[in-house]
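For reference, the structure discussed in these notes is given below.
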There are 2 protein chains.
Amino acid sequence: MELIRIYQCFCDRTRLRILNLLQHGPLCVCHLQRILGEPQVKISKHLAYLRGHQLVESERCANWMVYHLPEEPSELLKRNLACLQDSMREESVFQRDLDRLKEVLDELGADCPACVREHHQHQNSCRS
Amino acid sequence: MELIRIYQCFCDRTRLRILNLLQHGPLCVCHLQRILGEPQVKISKHLAYLRGHQLVESERCANWMVYHLPEEPSELLKRNLACLQDSMREESVFQRDLDRLKEVLDELGADCPACVREHHQHQNSCRS
DNA sequence: TTGCAACATTCCTCTTTCGGAATATACCGG
DNA sequence: CCGGTATATTCCGAAAGAGGAATGTTGCAA
């Protein structure tokens, strides 16, 4: 049942933090690692879990692996990701991660895949 | 984190079926047992799990234990139960359980707590 | 090539979850 | 108090989840 696959992904704190960040655009593992401040193996295994449950997709980009939410999510997934995003607003940890996202993007600068950089530059130019 | 407690409850098929039924009003264990067609110990343990995670509350009513969704759910829980209800519409198993709910209510008739009976009688009179 | 950086996977351990069989508990009617 | 009905708990084994240490893999750059 797809519903259960979705909720299985939602019941770990680290995975929720990852999904929160990916709602704002694609990221590579090194970004996630720095933003979350967790060991590489932990991030990598949770990403594998999410991929196995079809909650994220990934592409290799030169030296990096870029993870993002599914390009064509089902209605079910869309609805539940939207509800999740609302729900996450109430916990400060998720807001702190988003603040940290901006810092880390600046910090790493050009040292990440073009697709990631471009997405977030575009986001910034829209916002400012 | 309350969010995780909620999703932990959502990632088992039997628990989803129970929550689906309880969205329509309080029920006792014997109702759930007959509707779901699962052994008593299984129902009882999932109810204990849900209670431990504060997704349901229970009261003894003479010989029966009546379970229902929290009287004063948090905004978080309300939002997620609403999303769950939308999501469950797409799986036929949940609709079948609701059909079976009516059958079992008739079948058991007066052989259940007054509070359960009254709730569902009221529902019926409203519908018809 | 070689070396390095970014990730993934394997192995191990601890904990949680899930299901069933058996047993216990609570309440009712007589 | 007793028997019966409704429900809970305990004990067991199998499986999944989560984290870390160590090791493998992949791709680029010199």
Side-chain angles (χ1 to χ4, degrees), chain A residues 1 4-18 26-53 55-68 104 107-117, chain B residues 1 4-18 26-53 55-68 104 107-117:
Chain A
M1 185 149 40
I4 293 182
R5 249 190 298 127
I6 295 174
Y7 294 132
Q8 284 174 331
C9 292
F10 287 6
C11 48
D12 177 88
R13 181 186 152 96
T14 304
R15 286 197 290 267
L16 288 185
R17 293 176 73 195
I18 291 174
L27 288 174
C28 50
V29 182
C30 59
H31 284 119
L32 291 168
Q33 203 177 327
R34 293 184 196 219
I35 296 168
L36 302 184
E38 299 279 3
Q40 182 257 323
V41 57
K42 185 165 172 181
I43 304 290
S44 202
K45 285 209 286 193
H46 281 300
L47 287 169
Y49 186 101
L50 290 169
R51 184 155 30 85
H53 287 68
L55 265 271
V56 304
E57 295 167 352
S58 63
E59 297 145 17
R60 178 171 288 279
C61 225
N63 228 314
W64 297 277
M65 287 294 291
V66 179
Y67 284 84
H68 51 83
V104 169
E107 198 180 309
L108 286 178
D111 195 18
C112 76
C115 54
V116 173
R117 215 160 53 233
Chain B
M1 185 148 42
I4 293 182
R5 250 190 297 125
I6 294 174
Y7 294 133
Q8 284 174 331
C9 292
F10 286 7
C11 49
D12 178 89
R13 180 186 152 97
T14 305
R15 287 196 290 268
L16 288 185
R17 292 176 73 195
I18 292 174
L27 288 173
C28 51
V29 182
C30 58
H31 284 118
L32 292 169
Q33 203 177 325
R34 294 186 195 217
I35 296 167
L36 302 185
E38 299 280 1
Q40 181 257 326
V41 56
K42 186 165 169 179
I43 305 290
S44 201
K45 285 208 287 194
H46 281 299
L47 287 168
Y49 186 100
L50 289 169
R51 182 154 29 85
H53 287 68
L55 266 271
V56 305
E57 294 166 352
S58 63
E59 296 144 19
R60 178 170 285 279
C61 225
N63 227 314
W64 297 276
M65 287 294 291
V66 178
Y67 284 83
H68 50 82
V104 168
E107 197 180 309
L108 286 178
D111 194 19
C112 76
C115 55
V116 172
R117 216 160 51 234

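- No hydrogens or angles were tested; on distance alone, nothing pairs the side chain of A/Gln33 with the base of C/dA6 as donor and acceptor under 3.5 Å.
- One atom, NZ of B/Lys45, and another, C1' of D/dT9, lie 9 Å apart when rounded to the nearest Å.
- Rounded to whole Å, atom P of C/dT15 lies 17 Å from atom CG of A/Asp12.
- With hydrogens and angles disregarded, a donor-acceptor distance shorter than 3.5 Å links the side chain of A/Arg15 to the backbone of A/Gln8.
- Here the straight-line distance linking atom NZ of B/Lys42 with atom CD1 of B/Ile18 works out to 9.5 Å at 0.5 Å rounding.
- Going from atom CD of B/Glu59 over to atom P of D/dA6 covers 19 Å, rounded to whole Å.
- In the set C/dT17, D/dA22, C/dG20, the nucleotide with an atom closest to the side chain of B/Pro39 is C/dG20.
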* To do: I would like to know whether B/Glu38 and B/Arg17 meet side-chain contact (heavy atoms from CB on, under 4.5 Å); could you show each step before the answer?
  => CA-CA 11 Å; B/Glu38 299 280 1; B/Arg17 292 176 73 195; 3.9 Å; yes
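- The side chain of B/Arg60 lies closest to C/dC27, out of C/dC27, D/dG17, D/dA8.
- A straight line from CZ of A/Arg51 to P of C/dA8 spans 6 Å, rounded to a whole angstrom.
- For D/dA8, the base has a donor-acceptor partner in the side chain of B/Gln40 [N/O atoms by modelled type, under 3.5 angstrom].
- Taking every heavy atom of both residues into account, A/Val29 and A/Leu47 meet most closely at CG2-CD1, 3.9 Å.
- Distance, B/Lys42 NZ to D/dT9 C1': 18 Å, rounded to whole Å.
- C/dA6 atom C1' lies 12 Å from atom NE2 of A/His31, rounded to whole Å.
- OP1 and OP2 of D/dT7 both lie 4.0 Å or more from every side-chain N or O belonging to B/Ser44.
- Atom pair B/Ile4:CD1 and D/dG17:P shows a separation of 15 Å (rounding to whole Å applied).
- When rounded to the nearest whole Å, the span between NE2 of A/His46 and P of C/dT9 equals 15 Å.
- A/Phe10 and A/Tyr7 have perpendicular rings, their planes meeting at more than 60° on a 0 to 90° scale where under 30° would count as parallel.
- Nearest nucleotide to the A/Asn63 side chain, out of C/dA6, C/dA21, D/dG19: C/dA6.
- Regarding contacts with the backbone of C/dC18, a side-chain N or O of B/Arg15 is found under 4.0 angstrom from either OP1 or OP2.
- The phosphate of D/dA8 has OP1 or OP2 within less than 4.0 Å of a side-chain N or O from B/Tyr67.
- Residue contacts for B/Val29: at a heavy-atom cut-off of 4.0 Å it reaches the sugar-phosphate backbone alone, with no base atom in range.
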